[in-house]
Amino acid sequence: MLAVAPRDPGGRVPNIFTTLVRHPDLYEQFLPFGGQLLRKGRLPERLRERLILRTSCNTGARYEWGRHLPLARAAGITDADIDRVTEGPEAPGWTDLERHLIRAADELNSGATLSDATWEALTRHFGDAELIEIVMLVGQYHMVAFFLNSTGVQLDPGFDSTGCAEGARNHE
């Protein structure tokens, strides 16, 4: 079953998959759904990775934070932007859109819904499909954080989770 798993440079299967494959039925469903959100979604990479990093930070998911730092950097997110993700939506330097996205991740994390104000702000930038994707993306990475944190999946060699505070939660 791991033959179809994404691999790290050098061919190593990431620990998330070697752990999740212990439930073969969930593993088989997880790969296409997660892949849709990560590789085939409608959100631009830079926005998607900001949402994932903020969700990782909100849930204390150091594994996910460490795995997504290289993806964020590859998408053009600077170290200053990454630091700003940990500070939250009121940090100086965000565009209005970025601020609304970070706020959306926080609201979904803390209350499982978006406020009317955040939803309205996001409708000025996105259509229905993208709005659905924002909510599903944050929700999916929230679920992944539950799995990673509860099972104690260790960050793979060569990845670093620096910047995500141990046990960071609900930065409001």
Side-chain angles (χ1 to χ4, degrees), residues 2 4-10 12-23 26-89 91 98 101-112 114 132-172:
L2 290 172
V4 298
R7 301 198 180 258
D8 289 336
R12 188 177 186 286
V13 176
N15 291 341
I16 187 173
F17 302 123
T18 61
T19 304
L20 186 57
V21 77
R22 295 173 190 174
H23 190 312
L26 284 178
Y27 172 80
E28 284 182 347
Q29 299 302 311
F30 177 83
L31 286 180
F33 183 69
Q36 174 65 39
L37 289 169
L38 185 62
R39 300 285 180 218
K40 299 176 187 171
R42 295 180 181 215
L43 296 174
E45 288 177 292
R46 291 171 55 93
L47 301 181
R48 179 196 71 223
E49 289 303 322
R50 281 185 176 90
L51 284 166
I52 294 170
L53 288 177
R54 185 62 180 172
T55 301
S56 300
C57 196
N58 280 336
T59 59
R62 295 176 63 82
Y63 181 95
E64 209 62 54
W65 176 269
R67 292 295 307 199
H68 280 269
L69 282 176
L71 297 174
R73 289 180 177 122
I77 298 175
T78 66
D79 286 342
D81 289 338
I82 291 167
D83 290 343
R84 193 176 302 115
V85 165
T86 67
E87 296 172 25
E98 292 165 342
L101 285 170
I102 298 298
R103 185 171 290 118
D106 287 1
E107 289 177 3
L108 289 166
N109 181 68
S110 66
L114 294 176
I132 291 168
E133 190 170 312
I134 289 166
V135 174
M136 294 298 285
L137 179 75
V138 172
Q140 194 264 357
Y141 279 91
H142 211 245
M143 178 185 67
V144 169
F146 292 166
F147 166 68
L148 294 168
N149 292 346
S150 295
T151 59
V153 175
Q154 296 297 303
L155 189 56
D156 306 284
F159 291 86
D160 181 15
S161 63
T162 301
C164 181
E166 192 73 50
R169 305 270 196 286
N170 273 339
H171 303 277
E172 295 184 54

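- Looking at heavy atoms from C-beta onward, Arg54 lies in side-chain contact with Pro89 at the 4.5 angstrom threshold.
- Surrounding CE of Met136 are at most 12 heavy atoms belonging to other residues, nucleotides or ligands under 6.0 Å away.
- Of all heavy-atom pairs between Thr86 and Gly163, the closest is CG2-O, 3.3 Å.
- A distance of 10.5 Å separates CD1 in Ile82 from CZ in Arg84, rounded to the nearest 0.5 Å.
- For residues 139-148, the set of pairs meeting the side-chain hydrogen bond (donor to acceptor under 3.5 Å, both in side chains) definition, not counting sequence neighbours, comprises Asn109-His142.
- The minimum heavy-atom distance linking Thr162 with Trp65 is given by the pair O-NE1, 3.1 Å.
- The two residues Asn149 and Ala61 make their nearest non-hydrogen contact at OD1-CA, 3.5 Å.
- One finds the OG1 atom of Thr55 at 8.0 Å from the CD1 atom of Ile102 (value rounded to the nearest 0.5 Å).
- Within a 6.0 Å sphere centred on CD of Gln154, other residues, nucleotides and ligands contribute 12 heavy atoms or fewer.
- Checking Val21, Asp8, Thr18 one by one against Val13, the side chain to side chain contact (heavy atoms under 4.5 Å, CB included) holds for a single residue, Thr18.
- We find the CG-CG distance between Asp106 and Leu114 to be 11.0 Å, quoted to the nearest 0.5 Å.
- Atom-to-atom distance recorded for Arg103:CZ and Glu98:CD is 12.5 Å, nearest 0.5 angstrom.
- Annotation: side chain of Glu45 is not in contact with side chain of Ile77 (no heavy-atom distance under 4.5 Å).
- Heavy atoms of other residues, nucleotides or ligands lying less than 6.0 angstrom from CZ of Arg42 number 12 at most.
- Looking at Arg73 and Asp79, their side chains come closer than 4.5 Å, going by heavy atoms from C-beta outward.
- A distance-only check finds no donor-acceptor pair linking the side chain of Arg62 to the backbone of Leu155 [under 3.5 Å].
- Distance check, rounded to the nearest 0.5 Å: CG of Asn58 to CG of Leu108 gives 10.0 Å.
- Nearest heavy atoms, Ala145 versus Thr59: CB-OG1, 3.2 Å.
- Between the Arg50 side chain and the Val85 main chain, no donor and acceptor come within less than 3.5 Å of each other.
- Residues Asp160 and Leu69 have side chains not in contact (no heavy-atom distance under 4.5 Å, counting atoms from C-beta outward).
- Glu133 has its side chain within reach of Leu43: a pair of non-hydrogen atoms, C-beta onward, lies under 4.5 Å apart.
- Taking the side-chain contact (heavy atoms from CB on, under 4.5 Å) definition, one finds that Val153 meets it with Asn15, Thr19, Tyr63, Phe147, Leu148, Thr151, sequence neighbours left out.
- Interatomic distance, Arg48 CZ to Leu37 CG, rounded to the nearest 0.5 Å: 9.5 Å.
- Of all heavy-atom pairs between Ala72 and Leu53, the closest is CB-CD1, 3.7 Å.
- In terms of heavy-atom proximity, Leu51 sits nearest to Val138 at CD2-CG2, 4.0 Å.
- In this structure, Gln29 contributes its side chain and Tyr27 its backbone to no donor-acceptor pair below 3.5 Å.
- No side-chain heavy atom of Leu137 sits less than 4.5 Å from a side-chain heavy atom of Gln36.
- Side-chain contact between Ile16 and Val144: present, with at least one pair of heavy atoms (C-beta onward) separated by less than 4.5 Å.
- Contacts of Thr78 classified as side-chain contact (heavy atoms from CB on, under 4.5 Å), with partners at least two apart in sequence or in another chain: Ala80, Asp81.
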